[in-house]
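Here the structure is laid out as structure tokens; the discussion comes afterwards.
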Protein chains: 2
Amino acid sequence: MRYSRQREALLDLLRSTKSHPDAEWLYTGLRKEYPNISLGTVYRNLRQLTEAGEIIELCYGNISHFDGDISPHYHMKCNNCNRIYDIPISSVSINLSGTDNFEVDTINLVINGTCRNCQ
Amino acid sequence: MRYSRQREALLDLLRSTKSHPDAEWLYTGLRKEYPNISLGTVYRNLRQLTEAGEIIELCYGNISHFDGDISPHYHMKCNNCNRIYDIPISSVSINLSGTDNFEVDTINLVINGTCRNCQ
DNA sequence: GAGATAACGATAACGATTATCGTTATTGGC
DNA sequence: GCCAATAACGATAATCGTTATCGTTATCTC
């Protein structure tokens, strides 16, 4: 993967937020610095970075969101405002007993509910 | 919601399998009994049944899968064959401590890894 | 059985994502 | 530093899952 300014800016922007944005949000943000950047470039780089393991793709509600934080953690999604919050891995303990003969790779946990702001 | 033969057949088909199928699979299956059924009908009824809480919509990899089993349980997804397996709720114990002020509605847990067949 | 209308089938429209293609930018060897 | 090779770009067309439209059919209520 050869260096590109656009990909670097995308990675910087994604790492600078905790909002788990989608491609459109990133595109809008990048256009401030790169007014001619193409939406295709955003999608291409999001896919490359995901495949390289530098970012994580989250799938909530049939559109992809992205997370620049690749350290293990879980998510909380508010059913009202659709915001996605992080849950530190230390706040959850998961105990598996019946997954016999299944080789566990990653654990994906999403708590759906209502966040403080929306109550 | 008025009765319809097509919706009833869809519900029967979905409840008869543990494969967590997508719309296309259900469409293909229904065409054996209803050769003229429309794909739009499948989608319309899947949405209605989901909204009515009679089935559950699962989102893995940007295409919707459906589950006729609405009793609480979790899922295991094989990264190799993409099959989705059920995990009984009794096999997992989840302990939340840091979700302060978040009103929990549902818990969505997916274990990604390699199933017995694919090892 | 008749009128009201939900649901149908066929198909067009939509929105997110991916592919194409000619041009531009990065890189490694001279 | 320059040049050739080519990865990545921007613009845009194509794809694919899903939703909306619309005239017709089936279900339900009286």
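Here is the naming used below: chain letters follow the sequence lines, and residue numbers restart at 1 for every chain.
- Atom C1' of nucleotide dG17(D) and atom CG of Leu58(B) are separated by 16 Å, given to the nearest angstrom.
- Taking atom OH of residue Tyr27(B) and atom P of nucleotide dC16(D), one finds them 16 Å apart after rounding to whole Å.
- With 3.5 Å as the limit, one finds no donor-acceptor pair spanning the side chains of Asp22(B) and His65(B).
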Nucleotide-resolved protein contact map, nucleotides 10-17 of chain C, B/S/- at heavy-atom distance under 4.0 Å: B-----SB
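- Distance Gln48(B) CD to dT18(D) P: 16 Å, rounded to the nearest Å.
- Residues Leu10(B) and Tyr43(B) are members of one and the same hydrophobic cluster, defined by side-chain heavy-atom contacts under 4.5 angstrom among Ile, Leu, Val, Met, Phe, Trp and Tyr.
- Computed from coordinates, the Tyr34(B) OH to dT25(D) C1' distance equals 14 Å when rounded to whole Å.
- Residues Phe102(B) and Leu96(B) have side chains not in contact (no heavy-atom distance under 4.5 Å, counting atoms from C-beta outward).
- Here Asp67(A) contributes atom CG and Leu58(A) contributes atom CG; the two are 5.5 Å apart, rounded to the nearest 0.5 Å.
- Using bins of under 30°, 30° to 60° and over 60° for the plane-to-plane angle, the ring pair His20(A)/His73(A) lands in the tilted bin.
- For residues 56-119 of chain B, the set of pairs meeting the disulfide (SG to SG under 2.5 Å) definition, not counting sequence neighbours, comprises Cys59(A)-Cys59(B).
- With 3.5 Å as the limit, one finds a donor-acceptor pair spanning the side chains of Asn79(B) and Asp105(A).
- Near-neighbour residues of DNA chain C inside residues 1-12 of chain B, defined by a heavy atom below 4.0 Å, number-ordered: Met1(B), Arg2(B), Ser4(B), Gln6(B), Arg7(B).
- Taking 4.5 Å as the limit, some side-chain heavy atom of Thr17(B) sits within range of a side-chain heavy atom of Trp25(B).
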